[in-house]
Q: 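Take this structure, written in structure tokens, and hold onto it; I'll ask about it next.
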Amino acid sequence: MLQDRTKNTGGFSPAPDDGLIICRCEEITKGEIRRAIQDGLLTLTELRRFLRAGMGLCQGQTCGRLVKSILARELGVPPAALEPVVSRAPVRPVEMQVLARDQEIDHD
Amino acid sequence: MRINEHPVLGGYPKGEAVAFTFDGARLSGYAGEPVAMALKAAGVFIHRYTRKNHSPRGIFCAIGRCTDCVMIVNGRPNVRTCITPLAADMDVRTQYGMGAKHAAL
Amino acid sequence: MQRCDLIVIGAGPAGLSAAVEAARQGMRVTVYDENARPGGQLFKQIHKFFGSREHKAKIRGIRIGEELLQEASAAGVQVELDAVVTGIFADKEVTVRQGERMLRRKADTLIIATGASENMTSFENWTLPGVIGAGAAQTMMNLHGVRPGEKILMLGSGNVGLVVGFQLLQAGCQVVAVADALPGIGGYGVHAAKLARCGVPFYTAHTIVRAEGVERVTGAVIGAIDQNWHIVPDSEKHFDVDTICLAVGLSPMSRLCGLAGCVMEDNPQKAGLVPVVDALGETSVPGIFAAGDVSGIEEASSAMIEGRIAGLAAAHRMGFMASSALDARLAELTGALASLRAGMFAPGSKGKVFTHTAEGCALSASLLRRGFVADEEIDRYPGVTRARGVHPVLECTQNIPCNPCADACPRQCITVGADGGTITALPVFDAARGCTGCGLCVAACSGQAIFLVDEEAGEITLPYEFLPLPQKGEQGMALGRDGQPVCPAEVVAVRTSAAFDKTNLLTIRVPAEYAGRARFYRKER
Amino acid sequence: MTEHNADVVIIGGGIMGCAAAYYIAKRGASVLVLEKEDSIGSGGSSRNGGGVRQSGRDPRELPIAMHGIQHIWPTLAAELDVDVEYCQKGNLRLGKTAAQLKILESLTQKAVSCGLDVRMISGDEAREINPYLSREVMGASWCPTDGHANPLLATLGFYRKARQLGARFISGETVTAIEKIRGRACRVRGAQGVYAGGTIILAAGLGSRPLAWTVGLDVPLQPLLLETLVTEAVDTMFPQMLGTAAADFYGHQSVHHGSFVFGVTSGYEPYARPGLPRSSAGAAAAACRSILTYFPALEHIKIIRSWAGWIDDCADHVPVLSFTDEVPGLILACGFSGHGFGISPAVGRLLSEMALDGRPALDLSALRQSRFAAK
């Protein structure tokens, strides 16, 4: 989707609930997310990369939807219109020693 | 906190009663049930304190997804206690930040 | 590398149903599930299901789970537990973490049936221990026999919030209130009514303001919200609670579909990000199917049918089933699915506002706001009639796909959608056929909305699923639909039977003038 | 189609494009960046191991790396007002066999002759620097001034600051051609607009090659799959950047956060299937097996994410940073071959000098496009 990022989205104005934790794993607040959006981080992917919101141990399984609704509201678009983040393996955390034990040798 | 008799389910199949330690204190639970359930039944509700804000966390999703209930189990941090089966003599500790207490302070 | 005909990811209602159908066609099927027990949410669903006989109506989720497991085992399905599929890669290869090792497995077809995950909502102090998901509450009490708390606030009045709220009562917890930000209760009215008659208050158009507590939840504050979702000043209300339960919706757990390279869409009708699928559940990647909540949130009954369709489609794709045989089965299954996807709560009805039932009865405003049909509203529904002697009063006031009452009555006194009508129709009682007061309809009603009433004798027989079970001869209090005391009552009969499946029938006697109002019983006066 | 004008039009919103935009905007010139994807930094900028190294580099690009580490990286966080997690605690390139040590020695000699402080150390010396190393490690090359940083934060940090300085970014715009007018490249045609600039910088990763074709130039690039693993955050273990002579993995632990980032090698990278880059089932496992032979203490640390991306691998594995005689007005900045991140701030500055002054402050003649003549 074409997006001219020069457009000013209004600038950051503090809100009473800016202190709310949104990403429970990385302890990222609503205010940090809103500020980043006003700083030009305009996609869910950029917010993940810039703030690590949704990049913690649970990989955004709890906050993904919440971050999305904050971004949608700040940009004034419906949440479903936002480009979703890309899925990454492993979908559950796996210890390196377990991952290392995958030898699958065919004897055919 | 345990339900002894349930109007629909009746009783609950339980493993053998076992002892384990929580921050050094001796507690009991049933082998095979999630560590988090044994803690809950014993009245323990704080599993860890977070790294940035040092705020308490406990069970949240109870199915291994949210990772809020992680603790140090047998010396390893970030263990999801809601899906880790309890075993006799397990050493379960409150997690501070990413590890033991000294590391966070 | 080990390769089978079909790998199913998720041993819930959709996955097991898919596996059973595919295996019956001769496919070698392996099912992987990350949990220690199969069945997905079925083993947490201790209530009776809606639908009709073909949808396993009036059977409790736990029993449906057991039946599915037996079917799977009889069909030769290999179910691997504690087996977490961590990724899907090229060539339909999956990586599975089982215990302390990783398995790499391929299949010619994959069915992704990973279900849903709970939505959460953020508010002040929502990270405190004691704020939990409704699913967590279900897991604790129904799988592990541990009460999630003693005094609980339920947030969300969709079916999950209502069903779990009732289960909390069954587990011996106190539910101080159910709050929902929407102006009306979101779930089935009959589920709400079960809670309301136990005295649980509903707060619609209310949201949580904060959780209170320092180390754990010690209280909750809710407040009324206006149309702009702002808290109305001075509307805050405090509850002493140790637990706040969040039941604010489900999202498809579709990450594996994304990893598999399926084309995805964010579809609010399906409650989130889902793979785009065709009528058989096949995604954009040939040979990869999705079934159940992962492709759109619905009831477990629908998930089972979607699973069966996907299982058959996979079998057909790989040449285990002829097209004609597939078509025959599909005709039956799509019909069954269509009958579930009808009525006021159908996926296609999302966002629609109903004012009347299909029969033209005005919907109860009280039910929508307070969780119970007001005494002055109840007579407008066709199932609520007066008759000489004992007879059923069918307090079914919304068009939901369900007809076990009609199925249960040995004398065919009850009809749902007569003459080829749909199972979403409101039930009707025909006094001429002669009710014997057997109570099978009372126990069969998944919504616990049927009462046997004898107006002259002042006797009401009601469904009762709590412990301790009242004793015959016991004196107590009759409660109204709103859970408030109506009059003193005496227990005159307590019936339990295998046919009732843990729904006990309690018959109370009240002064005759209260027979139309008394709908629950409490021992304390 | 509307026409947009700027002094400089940059094709590609990766770290090179963002850094160049920042330095151009900082000097007061107008700059427009066109990014094909929805998100800034969607290519190699967000898919690399974060190395900020001088050691192990080809002598042709080493001066750029040294310049950046001496003059830009130490103050970059303050300049961008973003913690880019830069950590200058050295690079260990590990060897486990005599043959591997030989490779390291030869790399070390080349770097020393370019004036870099890098030396061979024994296995025990390496274990003194990093006590988590296994006994299998026989020796290492050690460059104390190397380090690592967070490429996601650096890319978006450049973007954010450039935007604050007035740089214009348009995402979701696929450039289809560079156009010459009166002999000079000064127009870019996109799917949804036309963009005119005094100078055009082509910094579009692998996409640079087909775009160069539109003005009759070729850059010998080919896609090479890169796979990377990220772990959960753990308490700080060690700060060094790591690499191996066997090239079986590289990586580091991010400062402040505590997660490890590892680059992975499966051995089949050149044969990856075309299309969207996809992680393979086996590479992560192979990487873990390798990593644990060097660092057994990591065995219980959990992998929480993996990703794959395309490297724009240049025929001689060093970038093209070049004007061309044939197409005046065009600057090529591509072919970073999987080690562009560490030099990106310096490259950004050099590109701004090329665009605004007509020549870079460092001698880039070895990186000219014209070097690709048949032998």
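Lettering follows sequence order; numbering is per chain, from 1.
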Q: If you count every heavy atom of other residues, nucleotides or ligands that lies below 6.0 Å from C:Arg210 atom CZ, does the total exceed 12?
A: yes
Q: Check each atom of A:Pro78 against the heavy atoms of chain C and say whether the ones under 4.5 Å are side chain, backbone, both or neither.
A: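 When you check distances to chain C, no heavy atom of A:Pro78 falls under 4.5 Å.
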Q: Could you state the interatomic distance from CD (A:Gln61) to CE (C:Met253), rounded to the nearest 0.5 Å?
A: 7.0 Å
Q: Which atoms of A:Leu20 are under 4.5 Å from chain C, going by heavy atoms: the side chain, the backbone, both sets, or neither?
A: side chain
Q: Heavy-atom pairs under 4.5 Å with chain C: which of A:Leu82, A:Asp17, A:Val86, A:Val91 has the most?
A: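 The answer is A:Val91.
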Q: Around C:Arg3, counting heavy atoms of other residues, nucleotides and ligands shown, do more than 12 lie under 6.0 Å from its CZ?
A: yes
Q: Check each atom of C:Glu265 against the heavy atoms of chain A and say whether the ones under 4.5 Å are side chain, backbone, both or neither.
A: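 Neither part, no heavy atoms under 4.5 Å.
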Q: Which heavy atom of A:Pro79 sits nearest to which heavy atom of C:Asp266, and what is that distance?
A: O-OD2, 4.1 Å
Q: Would you check if the side chain of A:Arg92 reaches a backbone N or O of C:Val84 as a donor-acceptor pair within less than 3.5 Å?
A: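 No; zero donor-acceptor contacts below 3.5 Å.
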Q: Could you look at C:Val85 and say if it's the side chain, the backbone, both or neither that has a heavy atom under 4.5 Å from chain A?
A: backbone
Q: Please classify the contact between A:Lys68 and chain C as side chain, backbone, both or neither, with a heavy-atom cut-off of under 4.5 Å.
A: side chain
Q: What part of C:Thr121 is in contact with chain A, defined as an atom under 4.5 angstrom from a non-hydrogen atom: side chain, backbone, both or neither?
A: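 It is the backbone, since no side chain atom gets that close.
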Q: Checking A:Leu66 against chain C: side chain, backbone, both or neither under 4.5 Å from a heavy atom?
A: side chain
Q: Can you name the nearest heavy-atom pair linking C:Met120 to A:Thr62, along with the distance?
A: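 Minimum heavy-atom separation between C:Met120 and A:Thr62: CG-CG2, 3.8 Å.
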Q: Looking at C:Gly272, is its backbone amide N or carbonyl O close enough to the side chain of A:Arg65 to form a donor-acceptor pair, meaning the two atoms are under 3.5 Å apart?
A: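 Here the side-chain-to-backbone pair does not exist.
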Q: Knowing that exactly one of C:Glu100, C:Arg97, C:Met102 qualifies, which makes a side chain to side chain contact (heavy atoms under 4.5 Å, CB included) with A:Arg101?
A: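 Single side chain to side chain contact (heavy atoms under 4.5 Å, CB included) partner of A:Arg101 among C:Glu100, C:Arg97, C:Met102: C:Glu100.
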Q: Could you look at C:Leu259 and say if it's the side chain, the backbone, both or neither that has a heavy atom under 4.5 Å from chain A?
A: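 C:Leu259 touches chain A through backbone and side-chain heavy atoms alike.
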Q: Can you tell me which portion of C:Phe89 sits under 4.5 Å from chain A's heavy atoms? Options are side chain, backbone, both or neither.
A: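 Just the side chain, heavy atoms under 4.5 Å.
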Q: Minimum heavy-atom separation for A:Ser87 and C:Gly258, please, with both atom names.
A: OG-CA, 3.8 Å
